[in-house]
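Below: one structure, written as structure tokens.
Atom set for the values below is all heavy atoms of this structure, side chains included, hydrogens, waters and symmetry mates excluded.
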Amino acid sequence: FNQNSNRLRIAMQKSGRLSQESQALLGSCGLKINLREQRLIAHVENMAIDILRVRDDDIPGLVMDGVCDLGIVGENVLEEESLQRQLDNEPCDYAVLSRLNFGGCRLSIAVQQESAYDGPASLNGKTIATTYPRLLNRYLKQQGVQARIVTLKGSVEVAPRAGLADAICDLVSTGATLEANGLKEVEVIYRSKAVLIQRKDLADAAQLKLINTLMPRINAVMQANESKYIMLHAPKAKLSDIIALLPGAENPTLLPLAGNDDQMAVHVVSSETLFWETMEQLKSLGASSILVLPIEKMME
Ligand code: ATP
Ligand code: MG
């Protein structure tokens with residue numbers, strides 16, 4: 001891992017909730033990554049890029065210290081590290097290049113199901129276990145709540161049952177883990193997604209050029225992921241009603257159907273997927289042969 005080379009260095013999570021999607025995103029952008037073995041560093045074969053695979057907690061620091069040029073990490077981890085570094089007077093500069101469309105979760109306070117909860121003031125004098133002490137501390141301050149924070153690196157959800165804390169502040173996506181541990185979510189204190197960040201003082205022309213190539217690709221991949229190609233047959237009399245039901249379809253392609261004067265084929269790139277309810281409405285307007293197809297890449 002040559003610090004002086006002008007290969008672009010990207011940090012991503014080695015294994016965990018963000019690793020597959022981070023890897024898939026870079027793969028979709030045309031990076032040929034050979035990730036076999038348990039290597040720390042992977043060289044991209046077709047571009048001047050090296051991938052550093054680390055624990056997610058290390059990614060913000062690697063970028064803030066300028067060891068890596070780009071990083072893909074959850075905003076929760078990024079913000080926690082930023083707050084900690086501000087407190088410690090350590091470098092904490094970075095730029096967010098893109099908010100990505102994966103890794104969504106919320107940082108929430110949860111208490112035991114049977115305990116009475118009546119707003120943040122109920123937390124006064126309580127002990128709260130968390131992996132995110134700085135984010136929690138900021139929230140408690142804003143709310144004017146005095147509580148004791150216990151920092152745990154893992155298994156936060158068992159802390160109340162183990163008698164280590166009265167409440168927890170942990171990441172939630174579905175809430176199933178909380179429920180399985182007899183806890184109820186009472187406050188959402190932070191909403192997070194994965195982000196692509198860049199170190200602040202990046203100046204190398206070759207590296208900047210590479211980033212300028214990557215960014216439109218990343219945006220194109222994200223847009224394509226959210227978009228669908230929709231095809232259907234519509235009765236001419238109901239065309240405008242049908243088109244109005246298709247999300248983000250200002251300029252549909254209309255094609256005649258051979259041997260059928262009453263109907264037309266409608267093709268649109270929709271900004272989101274079609275829900276069953278919409279498909280049923282389309283059908284009740286007389287649409288038929290409705291197809292919803294994924295889009296792999298898209299450039300406007
Ligand atoms: P590492 O070994 O890299 O430190 P980790 O165990 O700290 O991994 P993961 O559980 O893999 O972290 O989660 C990584 C990130 O995924 C979280 O910081 C968060 O941004 C995001 N995430 C999305 N949904 C969830 C969820 N339900 N629970 C926890 N994290 C989630
Ligand atoms: Mg971690």
Side-chain angles (χ1 to χ4, degrees), residues 1 7-63 67-81 94 96-108 131-132 153-157 170-178 180 190-198 210-211 213-228 272-273 292-298:
F1 202 56
R7 289 174 75 84
L8 193 70
R9 295 155 299 181
I10 307 180
M12 64 171 225
Q13 190 185 24
K14 180 167 188 181
S15 73
R17 289 176 200 262
L18 301 179
S19 50
Q20 274 202 354
E21 277 159 303
S22 304
Q23 205 177 302
L25 176 66
L26 296 179
S28 303
C29 290
L31 280 71
K32 288 213 164 55
I33 313 168
N34 194 344
L35 287 183
R36 66 187 153 80
E37 308 148 35
Q38 292 299 300
R39 288 253 191 90
L40 171 67
I41 297 156
H43 297 281
V44 175
E45 296 162 16
N46 58 338
M47 291 186 216
I49 299 175
D50 291 335
I51 308 286
L52 194 67
R53 299 158 74 215
V54 294
R55 293 202 54 178
D56 70 340
D57 317 61
D58 294 333
I59 295 171
L62 287 168
V63 173
V67 177
C68 287
D69 305 304
L70 301 181
I72 299 175
V73 68
E75 289 170 311
N76 52 314
V77 172
L78 179 63
E79 188 71 5
E80 179 71 20
E81 180 73 17
Y94 63 89
V96 175
L97 293 186
S98 181
R99 200 166 192 242
L100 304 170
N101 56 357
F102 59 87
C105 59
R106 52 194 191 271
L107 184 62
S108 291
T131 310
Y132 301 93
K153 285 287 173 201
S155 308
V156 171
E157 68 282 356
D170 203 7
L171 295 176
V172 184
S173 49
T174 61
T177 309
L178 291 183
Y190 191 80
R191 291 189 189 273
S192 177
K193 277 191 166 192
V195 283
L196 175 68
I197 55 170
Q198 182 193 311
L210 205 44
I211 291 173
T213 305
L214 284 179
M215 286 319 296
R217 293 188 187 183
I218 287 174
N219 293 328
V221 170
M222 286 200 294
Q223 210 188 349
N225 283 343
E226 283 158 15
S227 304
K228 299 288 172 203
E272 53 192 87
T273 194
V292 180
L293 309 176
I295 296 174
E296 190 185 292
K297 292 194 183 77
M298 190 159 146

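Inter-residue side-chain proximity for Val77 and Ile59 is flagged as unmet; no heavy-atom pair is nearer than 4.5 Å. With a 4.5 Å cut-off on side-chain heavy atoms, Gln23 and Ile51 do not count as touching. Proximity of Phe102 to Ile72: side-chain heavy atoms (C-beta onward) are separated by under 4.5 Å at one or more points. For the pair Ile49 and Leu70, the minimum side-chain heavy-atom distance is 4.5 Å or more. For the pair Tyr94/Leu78, a side-chain contact is recorded, criterion being any heavy-atom separation below 4.5 Å from C-beta on. Ser98 is listed as a side-chain neighbour of Met215, based on a closest heavy-atom distance under 4.5 Å.
Closest heavy-atom contact between Gly74 and Leu18: N-CD1, 3.6 Å. When all heavy atoms of Asn101 and Lys193 are compared, the closest pair comes out as CA-NZ, 4.4 Å. Across every non-hydrogen atom of Leu214 and Cys29, the tightest pair is CD2-CB, 4.4 Å. When all heavy atoms are compared, the tightest approach of Glu21 to Arg17 is OE1-O, 4.0 Å. Counting all heavy atoms, side chain and backbone alike, Glu79 lies closest to Tyr190 at CB-OH, 3.6 Å.
Gln198 CD to Cys68 SG: the interatomic distance, rounded to the nearest 0.5 Å, is 12.5 Å. To the nearest 0.5 angstrom, Arg53 atom CZ is 5.5 Å from Met12 atom CE. Rounded to the nearest 0.5 angstrom, Arg217 CZ and Leu26 CG are separated by 11.5 Å. One finds the CG atom of Leu31 at 10.5 Å from the CD atom of Glu45 (value rounded to the nearest 0.5 Å). Atoms CD1 and CG, from Ile10 and Leu210 in turn, are 7.5 Å apart once rounded to the nearest 0.5 Å. One distance of note links CG of Asp56 with OG of Ser15; it measures 9.5 Å at 0.5 Å rounding.
In this structure, Gln20 places its CD atom where only 12 or fewer heavy-atom neighbours from other residues, nucleotides or ligands lie under 6.0 Å away. Within a 6.0 Å radius of CZ in Arg191, no more than 12 heavy atoms belonging to other residues, nucleotides or ligands are found. Heavy-atom contacts from other residues, nucleotides or ligands closer than 6.0 Å to CD of Glu296 number 12 or fewer.
For the side-chain contact (heavy atoms from CB on, under 4.5 Å) criterion with Val156, the lone passing option out of Asp170, Leu171, Thr177 is Asp170. Each of Val96, Leu107, Leu100, Val195 was checked for a side-chain contact (heavy atoms from CB on, under 4.5 Å) with Glu75, and the lone residue meeting it is Val195.
Under 4.0 Å is where a charged nitrogen must lie from a carboxylate oxygen, and between Asp50 and Arg9 no such pair does.
When atom types are taken as modelled, the side chain of Asn46 and the backbone of Lys32 share a donor-acceptor pair closer than 3.5 angstrom. Remark: the backbone N or O of Gln13 is not paired with any side-chain donor or acceptor of Arg55 at under 3.5 angstrom.
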